[in-house]
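The next block holds one structure in the form of structure tokens; read it before the comments.
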Amino acid sequence: MTTIRIATRGSRLALIQTGLVADLLRARNAGLDVDVVTVVTAGDRDQSTPLQEGERAGWFTSAIQDALTRGEADIAVHSYKDLPTKRPDGLTIAAVPLREDPRDALVSRLRVNLRSLPAGAIIGTSSPRRTAQILELRPDLQVRVIRGNVETRVAKVESGEYDATVLALAGLRRLGLEARADHVFGYEEMLPSPAQGALAVECRSSDGATRALLATIDDATLRQSATAERTFLAAIDGGCSFPAAARAEHFGTTLKLSALIAADGRIFRSKMAGSAETAAGLGRQLAEELMSLAGLEK
């Protein structure tokens with residue numbers, strides 16, 4: 001292949017992430033040209049509906065996947081955490097090439113950490129996962145829905161509309177805004193969304209040439225971690241719609257998966273370890289354990 005077309009959202013962060021993948025492809029495939037195809041998604045158009053109502057339907061991904069299916073692009077670059085767990089027919093995730101730090105970060109108007117925010121402070125997030133963990137740490141805070149891209153959310157805090165917001169550290173770093181993070185949450189404080197910080201590169205399952213090209217940038221270790229986390233989420237999605245979080249960590253050939261679900265005002269946590277080669281099975285087993293612990297039927 002001499003030219004590859006990449007479909008992506010038009011946000012600054014999406015274009016930066018697409019650029020990272022394009023650079024990696026060029027570095028490992030001499031002479032390759034890259035064309036970027038910008039797609040407007042439902043999530044970009046609708047800035048009022050709560051995110052959780054649209055993310056499960058692929059608000060930020062389905063239009064891009066449709067362009068890929070129609071042959072308007074050869075590959076698509078996604079923030080892996082934005083992809084619905086139900087996979088579309090005819091498309092495959094052919095590479096998981098990069099992952100930034102998956103932790104969450106607090107951006108506050110007063111430039112303080114979560115524990116130092118005054119009682120009753122307004123914290124903006126559209127994530128039920130973050131909401132559950134924030135209120136576990138600080139039940140005296142007010143959590144309100146916030147929409148917009150990373151820069152917009154930071155601006156809403158700086159203007160005083162919100163006292164703070166929680167964002168993925170990965171996005172802040174990629175945008176050059178890491179200095180605006182007033183506190184980076186430890187995993188014991190706030191577990192991230194499954195596959196947070198990871199990029200997923202998708203193509204048509206029938207396109208053997210493109211799949212072979214993407215194999216040159218796939219990172220097997222990152223793929224195993226993301227597979228464990230996303231399989232956990234898929235299993236939870238199959239049985240309930242409660243907030244879920246997961247983080248996989250490699251120790252040699254062993255993969256340790258930490259996860260939680262929130263239900264009925266409580267958070268249920270557990271951990272499990274196993275061979276990295278059985279990442280998907282590890283995710284399913286931990287999901288079953290947590291569903292049982294929470295008394296939820298699958």
Side-chain angles (χ1 to χ4, degrees), residues 79-81 98-119 121 123-143 146 150 153-154 157 162-198 221-222 224-226 228-230 232-233 236 242-252 254-263 265-273 276 279 282-283 286-287 289-290 293-294:
S79 290
Y80 204 160
K81 71 179 181 65
L98 298 164
R99 187 173 196 177
E100 185 50 272
D101 192 320
R103 292 177 295 173
D104 283 309
L106 182 82
V107 174
S108 74
R109 182 173 56 84
L110 298 176
R111 305 309 304 262
V112 297
N113 61 28
L114 186 75
R115 297 187 185 279
S116 298
L117 286 172
I123 187 163
T125 180
S126 296
S127 164
R129 170 190 65 83
R130 287 173 177 152
T131 297
Q133 294 182 85
I134 288 167
L135 293 178
E136 182 186 46
L137 293 168
R138 285 290 308 271
D140 59 311
L141 297 179
Q142 299 181 62
V143 178
I146 189 171
V150 172
R153 296 184 197 196
V154 171
V157 170
Y162 297 83
D163 294 304
T165 188
V166 178
L167 299 165
L169 180 60
L172 290 171
R173 281 188 171 178
R174 286 170 175 153
L175 288 164
L177 297 174
E178 184 178 2
R180 198 58 192 81
D182 298 301
H183 176 69
V184 177
F185 291 97
Y187 295 114
E188 72 284 354
E189 295 177 294
M190 186 174 293
L191 270 184
S193 177
Q196 185 159 294
T221 299
L222 293 182
Q224 287 171 337
S225 297
E229 296 168 15
R230 291 280 299 183
F232 166 80
L233 180 61
I236 295 296
F242 296 103
R247 183 226 177 189
E249 187 177 9
H250 279 263
F251 294 91
T254 298
L255 197 63
K256 180 177 131 181
L257 182 63
S258 303
L260 66 79
I261 59 174
R266 298 177 60 194
I267 293 181
F268 301 87
R269 293 178 171 84
S270 190
K271 299 177 182 179
M272 190 174 288
L282 187 64
L286 190 51
E289 179 179 307
L290 274 174
L293 187 64

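Only this structure's heavy atoms are used, side chains among them; waters, hydrogens and symmetry mates stay out. Note that the structure is a prediction, hence the values are computed from the model and not measured.
In this structure, Arg173 CZ and Glu178 CD are separated by 4.0 Å, a value rounded to the nearest 0.5 Å. The distance from the CG atom of Leu257 to the CG atom of Leu286 is 5.0 Å, given to the nearest 0.5 Å. For the atom pair Phe242 CZ and Ile236 CD1, the distance stands at 10.0 Å (nearest 0.5 Å). Separation of atoms CD (Glu100) and CZ (Arg174) is listed at 5.5 Å; rounding is to 0.5 Å. Expressed to the nearest 0.5 Å, how far CG of Leu137 lies from CG of Asn113 amounts to 10.5 Å. Atom CG of Leu117 is separated from atom CZ of Arg109 by 9.5 Å, given to the nearest 0.5 angstrom.
Looking at Thr131 and Pro243, their side chains never come closer than 4.5 Å, going by heavy atoms from C-beta outward. Side-chain contact between Leu110 and Asp163 is absent, with no heavy-atom pair separated by less than 4.5 Å. At a threshold of 4.5 Å between non-hydrogen side-chain atoms, the residues Leu114 and Ile123 count as touching. Contact annotation: the side chain of Arg99 approaches that of Ser225 to within less than 4.5 Å [non-hydrogen atoms, C-beta and beyond]. Taking the side chain as every heavy atom from C-beta outward, Ile261 and Phe232 approach each other to under 4.5 Å.
Between Leu141 and Pro118, the closest heavy-atom pair is CD2-O, 3.7 Å. Among all heavy-atom pairs drawn from Lys271 and Ser258, the shortest one is CG-OG, 3.6 Å. The minimum heavy-atom distance linking Ala279 with Leu255 is given by the pair CB-CD2, 3.9 Å. Closest of all the heavy-atom pairs between Leu172 and Ala105 is CD1-CB, 4.0 Å.
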> Can you check side-chain hydrogen bond (donor to acceptor under 3.5 Å, both in side chains) on Gln196 and Asp104, steps first, answer last?
Replying inline: CA-CA 9 Å; Gln196 185 159 294; Asp104 283 309; 3.0 Å; yes
> So Leu260 and Gln133, side chain to side chain contact (heavy atoms under 4.5 Å, CB included) or not? Walk me through it.
Replying inline: CA-CA 10 Å; Leu260 66 79; Gln133 294 182 85; 3.5 Å; yes
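Side chain of Glu229 to main chain of Ala248: a donor-acceptor pair is present (N/O by atom type, distance under 3.5 Å, no hydrogens or angles). With hydrogens and angles ignored, the 3.5 Å screen pairs no side-chain donor or acceptor of Arg138 with any backbone N or O of Ala121. Within the 3.5 Å criterion, the main-chain N or O of Tyr187 finds no donor-acceptor partner in the side chain of Arg103. In this structure, Thr125 contributes its side chain and Ser127 its backbone to a donor-acceptor pair below 3.5 Å.
Not counting sequence neighbours, the partners of Asp182 by the salt bridge (Lys or Arg N to Asp or Glu O under 4.0 Å) test are Arg111, Arg180. Here Phe268 pairs with nothing under the ring-ring contact (aromatic ring centres under 6.0 Å, His included) rule; sequence neighbours left out.
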For residues 164-171, which side-chain donor-acceptor pairs fall under 3.5 Å, sequence neighbours excluded?
unit_1	atom_1	unit_2	atom_2	d
Thr165	OG1	Gly124	O	2.7

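With Glu136 as the partner, the salt bridge (Lys or Arg N to Asp or Glu O under 4.0 Å) test is satisfied by one option alone out of Arg266, Arg129, Arg130, Arg269: Arg269.
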